[in-house]
Amino acid sequence: MSEARSDKGTRLARGVQLLLHQMGYDSLTEVKLRIRRRVDVMGINDKGRIIVVEVKSGPADFRVDEKWTDYLEFCDEFYFAVDTDFPQTLLPEAQGLIVADNFGGAILRASADFNLNAARRRNVTLRFARIAARRLFSLENPIKEKFNVF
């Protein structure tokens, strides 16, 4: 993760990942898309369905974010994830809503089905797999990463 995330954002992302796991999805945080945008949490299930979750740590975080609409063409479902104190009326009603904390989350409003096309699904799935593999390699080979030897 190249950009520092707030403690609250980290806790919310962890809760989202736990929720996605319960739903049968494997997930990653900070997934860079082909368009050079980075989604907060992305999940993929055994059928290849892709969920993107944009974590919002507070109203100011939502108000300055103009990039979330770019994510809609890279997923089957899209959600905002907030904590219980977030004023939910700020969020677009047309998008899915998750309320989360450090220990899990709940879907309060289902996402529309964006029905990702096959070519884009393949691209996103391969990107997800490669990011996961790189992260695993870095964990298993920390000395190589330290000296930038691959």
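- In plain terms, the two heavy atoms of Ser27 and Leu20 that are nearest each other are CB-CD1, 4.0 Å.
- Under 4.0 Å is where a charged nitrogen must lie from a carboxylate oxygen, and between Asp83 and Arg11 no such pair does.
- If you take CE on Met42 and CZ on Arg127, they are separated by 9.0 Å, rounding to the nearest 0.5 Å.
- Judged by distance alone, with hydrogens and angles left aside, the side-chain atoms of Arg120 form a donor-acceptor pair with the main-chain N or O of Glu73 at under 3.5 Å.
- Expressed to the nearest 0.5 Å, how far CG of Asn117 lies from CZ of Arg122 amounts to 12.5 Å.
- For Arg49 against Asp76, the heavy-atom pair with the smallest separation is CA-OD2, 3.2 Å.
- A search for ring pair (Phe, Tyr, Trp, His ring centres under 6.0 Å) contacts involving Phe80 returns Phe62, Trp68, Phe78, not counting sequence neighbours.
- Of all heavy-atom pairs between Asp61 and Lys56, the closest is OD2-CA, 3.3 Å.
- In this structure, the side chain of Arg109 does not engage the main chain of Leu97 through any donor-acceptor pair within 3.5 Å.
- Closest approach of Val124 to Phe74, counting heavy atoms only: CG2-CD2, 3.8 Å.
- Considering Val55, Asn102, Leu19 in turn, Asn102 is the only one that fulfils the side-chain contact (heavy atoms from CB on, under 4.5 Å) rule with Arg14.
- Applying the salt bridge (Lys or Arg N to Asp or Glu O under 4.0 Å) criterion to Asp101, with sequence neighbours excluded, gives no partner residue.
- The two atoms that bring Ser57 and Gly9 nearest to each other are CB-N, 4.2 Å, heavy atoms only.
- Considering only heavy atoms from C-beta on, Ile107 comes within 4.5 Å of Met23 through its side chain.
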